[in-house]
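Contents: one structure, followed by commentary.
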Amino acid sequence: MKNKRISKSTEHLYELVRQRGFESLYEYRTHLAKQQGFESLYKYKEHLARNRGFNSHTEYQEHLAIEKGFKSLHEYKEHLAKKQGFKSYTEYQIFLAKERQKRTLNKKLSIIINQQLEILDKNAKWLADELGITEGAVSRYREGKTIPRRSLQQRLFEILKLPYKTLDDIMKNET
């Protein structure tokens, strides 16, 4: 990941993650959380926050930001984004979305959703209504910007009449 916007140590970390066979740091951390017996990285982070006396991971993050002298978590995120060379946290988020679109899993899921909607002669509004989510969320899945949370995956695949139950199934079947 040759990128002027990340430090050499972060670049080195990403390289180590790839050498271990993972496509992203998130994927690697999720793997580690599952090895610890957690359903997801999110569940692991929530567990750690509760063990530290907080109600949620977000509350813990807010605490850490204030402890570092910032008024809020948002102000801290703005600071970090600018430190990495971005004009704002929003610009950083847009950059990350573009990076996620490059992930193999995001690309595959995007293709599968778009093909299946075409086969079923349905559109994004129909899928959003069936899933009980916004058209914007479906649009992000279709563009490969994001992937659905695990709790929504099986329902998505059922609605699209696909044999998958999770995103892991897609990766297994595509290799």
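On a predicted model such as this, the values are computed, not experimentally measured, just so you know. Just so it is clear, the values below take in all heavy atoms, side chains as well, and ignore hydrogens, waters and symmetry mates.
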Check: Under 3.5 Å, side chain of Thr30 to main-chain N/O of Leu41, donor-acceptor pair present?
Finding: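 No.
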Margin query: Treating Gln116 as the side-chain partner and Leu160 as the backbone partner, does any N or O pair qualify as donor plus acceptor under 3.5 Å?
Written below: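 Side chain of Gln116 to backbone of Leu160, a donor-acceptor pair under 3.5 Å: yes, one is there.
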Please say yes or no: joined through hydrophobic side-chain contacts below 4.5 Å, possibly via intermediate residues, are [X] and [Y] part of one cluster?
X	Y	answer
Leu25	Leu16	no
Leu152	Leu120	yes
Phe54	Leu64	yes
Tyr89	Tyr76	no

Notebook entry, point to check: Does CZ in Arg103 sit with more than 12 non-hydrogen atoms of other residues, nucleotides or ligands closer than 6.0 Å?
Noted result: yes
Notebook entry, point to check: Would one find more than 12 heavy atoms of other residues, nucleotides or ligands at under 6.0 Å from atom CD of Gln19?
Noted result: yes
Notebook entry, point to check: Hey, does Ile159 have a side-chain heavy atom less than 4.5 Å from the side chain of Arg155?
Noted result: yes
Notebook entry, point to check: With a 4.5 Å limit on heavy-atom distance, are the side chains of Asn123 and Leu117 in contact?
Noted result: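 Heavy-atom side-chain distance check fails, nothing below 4.5 Å.
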Show the nearest heavy-atom pair for residues [X] and [Y], with the distance to one decimal.
X	Y	answer
Ser88	Ala81	O-CB, 3.6 Å
Tyr141	Ile113	CB-CD1, 3.7 Å
Pro148	Leu156	CG-CD2, 3.8 Å
Ser72	Ala65	O-CB, 3.8 Å
Gly85	Glu91	O-OE2, 4.4 Å
Phe86	Tyr92	CE1-CD1, 3.3 Å

Measure the [atom1]-[atom2] distance between [X] and [Y] for me, rounded to the nearest 0.5 Å.
X	Y	atom1	atom2	value
Leu80	Glu75	CG	CD	11.0 Å
Glu99	Ile94	CD	CD1	13.0 Å
Arg149	Ser40	CZ	OG	12.5 Å
Gln153	Leu162	CD	CG	12.5 Å
Arg18	Leu13	CZ	CG	9.5 Å
Leu96	Lys98	CG	NZ	11.5 Å

Checklist line | Candidate pair Arg140 and Glu143, rule salt bridge (charged side-chain N to carboxylate O under 4.0 Å, His left out), full reasoning | finding: CA-CA 5 Å; Arg140 288 187 295 277; Glu143 293 170 9; over 6 Å; no
Next item on the list: Mind jotting down which residue pairs meet the salt bridge (charged side-chain N to carboxylate O under 4.0 Å, His left out) criterion with at least one end in residues 121-133? Sequence neighbours excluded, please.
Entry: Lys125-Asp129
Note to self: Considering only residues two or more places apart or on different chains, which pairs with a residue in residues 48-68 satisfy salt bridge (charged side-chain N to carboxylate O under 4.0 Å, His left out)?
What the structure shows: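 Listed by first then second residue: Glu46-Arg50.
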Notebook entry, point to check: Aromatic ring centroids of His57 and Tyr42 under 6.0 Å?
Noted result: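 Ring-ring flag for His57/Tyr42: false, centres at least 6.0 Å apart.
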Check: Mind checking whether Phe70 and His79 have parallel, tilted or perpendicular rings, split at 30° and 60°?
Finding: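 Aromatic pair Phe70/His79 classed tilted.
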Item checked: With Phe38 via ring-ring contact (aromatic ring centres under 6.0 Å, His included) - residues at least two apart ->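 Result, ring-ring contact (aromatic ring centres under 6.0 Å, His included) vs Phe38: Tyr44, His47.
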Note to self: Please determine whether a side-chain nitrogen of the Lys or Arg among Glu11 and Lys8 lies less than 4.0 Å from a carboxylate oxygen of the Asp or Glu.
What the structure shows: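 Looking at Lys8 together with Glu11, the answer is no, because their closest N to O distance does not fall below 4.0 Å.
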Notebook entry, point to check: Any side-chain donor-acceptor pair under 3.5 Å between Asn106 and Arg100?
Noted result: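 Judged by distance alone, the side chains do not pair up.
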